[in-house]
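Start at 1 and go down the list; that is how both ligands and their atoms are numbered. In what follows, every heavy atom counts, from backbone to side chain, and hydrogens, waters and symmetry copies are set aside. Position 1 is the first residue of the sequence; numbering continues from there.
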Amino acid sequence: MAVIKPMAIKDILKQNLKGVEALVRGWVRTRRDSKEFSFFELNDGSSVKNLQVIADATLPNYQEIVKINTGGAIAARGRLVESPGKGQAVELRADEIVIYGAADPAAYPLQKKGHTLEFLRTIAHLRPRSNTFGCVFRIRNTLAFAIHKFFQERGFLYVHTPIITASDCEGAGSMFRVTTLDPAAPPRDEKGAVDFSQDFFGRQSFLTVSGQLEGETYATAFSRIYTFGPTFRAENSNTPRHLAEFWMIEPEAAFFDLRDNADLAEDFLKYIISACFENNMDDLEFLAKWYEKELIPTLRHIVETPFERITYTEAVSLLESSGESFEYPTKWGSDLQTEHERYLTEKRIKKPVVVTDYPKIIKAFYMRNNDDGKTVAAMDILFPRIGEVIGGSQREERLDVLLGRIREMNLNEEAYWWYLDTRRYGSVPHAGFGLGFERALQFCTGMSNIRDVIPFPRFPGWAEF
Ligand code: 4AD
Ligand code: MG
């Protein structure tokens, strides 16, 4: 093949490159024949749009070319010419076609016909080659990059907190154990209990549920930090909004109070959603057409509307006066369920809602105690369709109050010695939050199941690939 620089199909389609010689490489979406030509729809992942490639029957390897089917991989070199077909400005008239890999039409599972998302989940290694998942994972890339950009532009330091940990940040006890002990014959102590002092780390260890506690120690050195990494929860939640392995973004800022925290979160969400408009209009349009008609106006609404801020107590009275029949009761002191969250943001307030000051009994030990003695400086951000997308709080910076909470909640005080040191030495008010990356992606893509916005989802009963 003549030596010319390969081009991304996206770059070909966004410019008027009529008459230009181009080399493209990718995977065949469809091929059909006429008497004198074979027509390929070629996709290289750079865009939801394909490039039409036309191979003339006079090409020397034409007998091989007509054996290429959906899923096969080729390179095509030739001239870009005006396309008579609808929906595309140019097509490529091939002077040369190189065949990389064929795909047996009798076996290749991703044929042109529309497949269900459930079926595509069982071929998660091939689904990125479908239009839907092409769109989803280009948007995932956009969001990830925008997240780093947002924090870097504002002086936040990116910190890598550990994946393996001995401390349970959320105190919810839903952690995956990490061990090298033989499950069939673990060492035992005198009392017959498993002797974890003989385990790899000399103690019990787990996959982290959150990088927050370690992140806080860095915030009390660098002032503003963020994490962006995988987190793990062994809760048996078979819902369209829960994964056992998901990615979380957790900023933490010294000298921030709850209001600063909510301001940061609102700016942040608006910024990353705007990035989709700048980079993924074609993808958004495709997803809106096939999955969520209101996708684009809903996203615009978030970017343009100031978020509503209410307290948990106000939220509960709105729910009590709603006249709705909820599955779960709405009593002061019980946690808001997704049905409540969605009612507030979708039906009642019709805006994203920041709910603050939850009862302390339903929140984690590290949240700052309010003067009323009953609530803590917590905040959850609620989005339409998703419910809670962000959870965060101002942290308890007073050593005695924090210790009081740890003891009240029967947590293992010694395990937190290093965390408590941040309150012993140069303690400052500080706050932070966690954005569930896949929840944000669900919102930006219109996908109704969280399993369809992460490459290889992990959930109860499923860890294939
Ligand atoms: O509300 P969560 O549990 O908060 C924390 O972990 C804090 N340590 C965050 C912080 O203040 N630094 O989780 C934060 C967010 C939730 O709002 C939700 O979006 C997402 O993480 N999340 C999940 N996403 C997918 N699957 C799950 N099982 C999730 N659990 C929480
Ligand atoms: Mg939460």
> Using heavy-atom distances only, which candidate in Trp247, Phe246, Phe232 approaches atom 30 (N) of ligand 1 most closely?
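The nearest heavy atom belongs to Phe246.
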
> Can a cation-pi geometry be assigned to Arg451 and Phe459, taking NZ or CZ under 6.0 Å from the six-membered ring centre and within 45° of the ring axis?
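The answer is yes; both the distance and angle limits are met.
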
> Is a side-chain donor-acceptor pair under 3.5 Å present for Arg398 with Asn369?
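No, Arg398 and Asn369 have no side-chain donor paired with an acceptor closer than 3.5 Å.
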
> Just one of Tyr158, Phe145, Phe437 clears the ring pair (Phe, Tyr, Trp, His ring centres under 6.0 Å) bar with Phe228, so which one?
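Of all the options given, the one that passes is Phe437.
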
> Please state which option from Met367, Gln212, Gln394 has its nearest heavy atom closest to atom 10 (C) of ligand 1.
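That would be Gln212.
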
> What part of Val389, side chain from CB on, backbone N/CA/C/O, both or neither, has a heavy atom under 4.0 Å from ligand 1?
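For Val389, only backbone atoms sit under 4.0 Å from ligand 1.
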
> Give the single entry among Arg395, Met248, Arg439 that approaches atom 14 (C) of ligand 1 most closely by any heavy atom.
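Looking at heavy atoms only, the winner is Met248.
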
> Taking non-hydrogen atoms only, is Ile390 closer than 4.0 angstrom to ligand 1 via side chain, backbone, both or neither?
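Under 4.0 Å from ligand 1, Ile390 contributes backbone atoms alone.
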
> Please work out whether the ring planes of Phe151 and Phe268 are parallel, tilted or perpendicular, with thresholds of 30° and 60°.
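Because their plane-to-plane angle lies in the 30° to 60° range, the rings of Phe151 and Phe268 count as tilted.
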
> Looking only at protein heavy atoms, identify the closest one to atom 26 (N) of ligand 1 and say how far it is in Å.
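Its nearest protein heavy-atom neighbour is Leu243 N, 2.9 Å.
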
> When Val355 is tested against each of Val316, Ile310, Ile381 for side-chain contact (heavy atoms from CB on, under 4.5 Å), which residue passes?
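Of the listed options, the one satisfying the test is Ile310.
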
> Does only the side chain of Tyr366 get under 4.0 Å from ligand 1, or the backbone, or both, or neither? Count heavy atoms.
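The side chain, only.
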
> Does Asp380 bring an N, O or S atom to under 2.8 Å of the Mg ion (ligand 2)?
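No, Asp380 does not qualify, because none of its backbone or side-chain N, O or S atoms lies under 2.8 Å.
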
> Can the positive tip of Arg309 be found less than 6.0 Å from the middle of the six-membered ring of Phe307, inside 45° of the ring normal?
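Not flagged: Arg309 not positioned over aromatic ring of Phe307.
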
> Considering only non-hydrogen protein atoms, determine which one is nearest to atom 5 (C) of ligand 1 and report residue, atom name and distance to 0.1 Å.
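Looking only at protein heavy atoms, the one closest to atom 5 (C) of ligand 1 is Glu170 OE2, 3.4 Å.
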
> For Glu250, which part has a heavy atom under 4.0 Å from ligand 1: side chain, backbone, both, or neither?
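Glu250 to ligand 1: side-chain contact only, backbone stays beyond 4.0 Å.
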
> Tell me whether ligand 1 is touched by Glu235 - counting only heavy atoms on the residue side and a distance under 4.0 Å.
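In this structure, Glu235 qualifies as a contact of ligand 1 - some heavy atom is under 4.0 Å.
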
> Report yes or no: does a heavy atom of Arg233 sit under 4.0 Å from some atom of ligand 1?
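It does, in that a heavy atom of Arg233 comes within the 4.0 Å cut-off of ligand 1.
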
> Among the N, O or S atoms that Glu388 has, which is closest to the Mg ion (ligand 2)?
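Closest N, O or S atom of Glu388 to the Mg ion (ligand 2): OE2.
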
> Ring-plane angle category for Phe119 and His115, please: parallel below 30°, perpendicular beyond 60°, tilted otherwise.
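Ring orientation, 0 to 90° scale: tilted.
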
> Answer with yes or no whether Thr231 contacts ligand 1, where contact means a heavy atom under 4.0 Å from a ligand atom.
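False for this residue.
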
> Thr375 and Asn370: side-chain donor and acceptor closer than 3.5 Å?
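The criterion, which ignores hydrogens and geometry beyond distance, is satisfied for Asn370 and Thr375.
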
> Does NZ or CZ of Arg154 fall inside the cone over Tyr271's six-membered ring, less than 6.0 Å from its centre and within 45° of the axis?
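Here Arg154 passes the 6.0 Å and 45° test against Tyr271.
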
